[in-house]
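The basis for the numbers below is simple: all heavy atoms, side chains too, and nothing from hydrogens, waters or symmetry mates.
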Amino acid sequence: MNRLKVYNHRDIKSYISTRKGEVKFGERLNFVSSIEELSTTKAKYVIFGIPEDIGVRANHGKPGTSKAWETAIKSLVNIQLNRYNNPENVILLGELDCQNWMEKASNIAEDDPNYFAKMGDIVKQIDAVVSDTVQKIIEAGKTPVIIGGGHNNAYGNIKGASKAISDPINVMNIDAHTDLRQLEHRHSGNGFSYAIEGQYLRKYHVFGLHKNYTPEYIFEEMENCDNLSFSLLQDLAQFPDEMNRRFSQELEKLKTHNFGLELDCDSIAGFSSSAISPAGFTVNEVRNFIQLSAKEVNCRYLHICEAAPTKENSAEIGKALSYFISDFIR
């Protein structure tokens with residue numbers, strides 16, 4: 001597991017803004033010396049990051065998702081420790097060391113006729129490490145919380161979870177897109193396609209799908225498969241008071257089996273992401289969806305992806321991501 005950079009308190013100490021009379025979340029976080037040590041700990045949730053945007057670029061998208069992990073952690077460690085926020089049940093594992101992959105990707109000329117295929121080859125290498133990491137965390141009896149990177153990492157999450165329990169899993173994906181594109185080179189738009197092809201994914205629902213950015217062949221594919229389904233954002237938006245009930249209805253179809261929760265930040269209106277959109281859910285609506293999912297005993301992981309903070313909005317985006325994380329582990 002040489003790609004996993006395991007954290008200790010020194011790695012986050014400079015991020016914590018201490019204040020007399022207060023205790024910050026990061027001051028009481030738990031750490032381990034290796035991933036193998038997880039099985040000997042009592043904490044339930046294990047947080048780790050994937051600071052990359054290679055899968056997004058391989059899908060003709062804009063870079064920036066590599067910055068989400070650091071942005072999220074800087075905010076998370078500074079929330080208050082109080083009766084509502086207790087890090088006793090949380091381990092901050094660390095991050096996947098993506099520096100070498102990012103450098104390799106940057107050295108591929110964009111006018112190279114094989115640019116996207118070469119980027120896809122790097123994504124495959126990331127897949128293997130993500131899958132192995134998630135598998136080991138779940139085998140240790142923990143629930144991984146995976147932050148950052150593109151939605152290409154859904155494949156590694158699903159594969160790792162499925163291998164850990166020796167059974168395909170279900171997935172609830174809060175997303176503007178299906179990410180069911182064709183089985184070409186690996187990228188952020190076909191992670192679920194590869195998970196289906198590998199028989200790691202059983203039932204799959206996309207909540208908040210946008211009509212304008214879904215190819216017709218994908219609509220037809222989903223309608224012709226009993227295990228694939230979607231809820232259109234436009235339909236959900238007509239009855240905003242019914243949003244939680246509609247989400248719960250779809251969750252009911254998945255939660256009887258082990259399932260993963262995927263949150264693509266493209267689904268949030270105006271959120272700084274790889275495919276920012278003026279239409280979408282509000283931050284508070286997404287928080288409700290996360291809380292509803294976290295209550296279910298069969299929820300095996302949370303993955304928050306596609307956030308792409310900038311220098312101008314990093315504090316705002318970091319706070320939003322820390323809300324999502326704290327809602328889930330709370």
Side-chain angles (χ1 to χ4, degrees), residues 4-35 37-51 65-96 133-134 137-138 140-149 261 263 265 268 271-272 283-284 286-295 299-305 307-309 311 313-330:
L4 177 62
K5 179 184 176 182
V6 177
Y7 279 14
N8 57 46
H9 189 263
R10 291 189 300 274
D11 292 300
I12 63 166
K13 186 177 180 180
S14 64
Y15 297 158
I16 303 172
S17 299
T18 57
R19 192 168 184 172
K20 187 177 180 180
E22 300 178 2
V23 181
K24 297 295 181 66
F25 198 77
E27 295 181 80
R28 295 288 188 271
L29 273 170
N30 298 295
F31 299 89
V32 291
S33 58
S34 69
I35 196 168
E37 192 181 320
L38 288 176
S39 60
T40 66
T41 62
K42 294 181 179 180
K44 177 181 179 181
Y45 299 101
V46 177
I47 302 174
F48 77 93
I50 313 175
T65 59
S66 59
K67 301 173 183 176
W69 166 244
E70 184 177 17
T71 299
I73 289 303
K74 283 182 176 179
S75 181
L76 181 68
V77 299
N78 281 299
I79 66 176
Q80 295 285 348
L81 188 150
N82 54 35
R83 68 186 65 185
Y84 303 109
N85 296 319
N86 188 349
E88 184 178 309
N89 211 22
V90 182
I91 292 170
L92 181 56
L93 179 62
E95 65 179 77
L96 301 190
T133 305
V134 170
I137 293 172
I138 295 178
K142 313 301 181 185
T143 302
V145 178
I146 307 124
I147 311 298
L261 177 63
L263 169 59
C265 291
I268 305 169
F271 200 92
S272 187
V283 167
N284 281 336
V286 168
R287 292 183 66 191
N288 287 335
F289 303 154
I290 290 172
Q291 291 173 49
L292 288 168
S293 303
K295 292 177 181 178
C299 187
R300 289 289 168 250
Y301 73 80
L302 167 65
H303 178 213
I304 304 172
C305 63
K311 289 182 179 179
N313 64 23
S314 61
E316 176 187 354
I317 298 304
K319 283 185 177 181
L321 297 176
S322 68
Y323 272 120
F324 299 152
I325 298 167
S326 58
D327 286 337
F328 186 74
I329 63 180
R330 189 178 291 132

Next on the checklist: Between Leu4 and Leu96, is the side-chain contact (heavy atoms from CB on, under 4.5 Å) condition met? List the steps.
Outcome noted: CA-CA 5 Å; Leu4 177 62; Leu96 301 190; 3.9 Å; yes
Looking only at heavy atoms, which two atoms of [X] and [Y] are closest? And how far apart?
X: Ile138; Y: Arg300; result: CD1-O, 4.1 Å
X: Trp69; Y: Phe48; result: CZ3-C, 3.6 Å
X: Pro309; Y: Ser272; result: CA-OG, 4.0 Å
X: Asn86; Y: Phe25; result: C-CE1, 3.9 Å
X: Ala320; Y: Phe271; result: CB-CE1, 3.6 Å
X: Val6; Y: Asp11; result: O-OD2, 4.1 Å

With no hydrogens and no angle check, is any side-chain donor or acceptor of [X] less than 3.5 Å from a backbone partner on [Y]?
X: Glu27; Y: Val23; value: no
X: Ser75; Y: Ala72; value: no
X: Thr65; Y: Gly148; value: no
X: Asn30; Y: Pro87; value: yes
X: Lys44; Y: Thr143; value: no
X: Lys142; Y: Ala43; value: yes

Atom pair [atom1]/[atom2] of [X] and [Y] - distance to nearest 0.5 Å:
X: Cys299; Y: Phe328; atom1: SG; atom2: CZ; result: 4.0 Å
X: Asn284; Y: Phe289; atom1: CG; atom2: CZ; result: 11.0 Å
X: Ile147; Y: Leu76; atom1: CD1; atom2: CG; result: 8.5 Å
X: Leu81; Y: Lys24; atom1: CG; atom2: NZ; result: 11.0 Å
X: Ile73; Y: Leu92; atom1: CD1; atom2: CG; result: 5.0 Å
X: Thr40; Y: Leu38; atom1: OG1; atom2: CG; result: 8.0 Å

Next on the checklist: Run the side-chain contact (heavy atoms from CB on, under 4.5 Å) test on Leu302 and Ser293 for me, step by step, so that the C-alpha distance in whole Å, both residues' side-chain angles and the decisive distance to 0.1 Å come before the verdict.
Outcome noted: CA-CA 9 Å; Leu302 167 65; Ser293 303; over 6 Å; no
Next on the checklist: Is it the case that atom CD in Gln291 sees more than 12 heavy atoms from other parts of the structure closer than 6.0 Å?
Outcome noted: yes
Next on the checklist: Tell me every residue that passes side chain to side chain contact (heavy atoms under 4.5 Å, CB included) with Lys74, counting only those two or more places apart in sequence or in another chain.
Outcome noted: Tyr15, Glu70
Checklist entry - Going by the side-chain hydrogen bond (donor to acceptor under 3.5 Å, both in side chains) test, which pairs reach into residues 76-85, not counting sequence neighbours? => result Glu22-Gln80, Asn85-Arg330
Checklist entry - Given the rule in the side-chain contact (heavy atoms from CB on, under 4.5 Å) test, do Leu263 and Phe324 qualify, once you have shown the distances and angles that lead to the verdict? => result CA-CA 9 Å; Leu263 169 59; Phe324 299 152; 3.7 Å; yes
Item to check | Ile146/Thr133 under side-chain contact (heavy atoms from CB on, under 4.5 Å): CA gap, chis, key distance, verdict | outcome: CA-CA 10 Å; Ile146 307 124; Thr133 305; over 6 Å; no
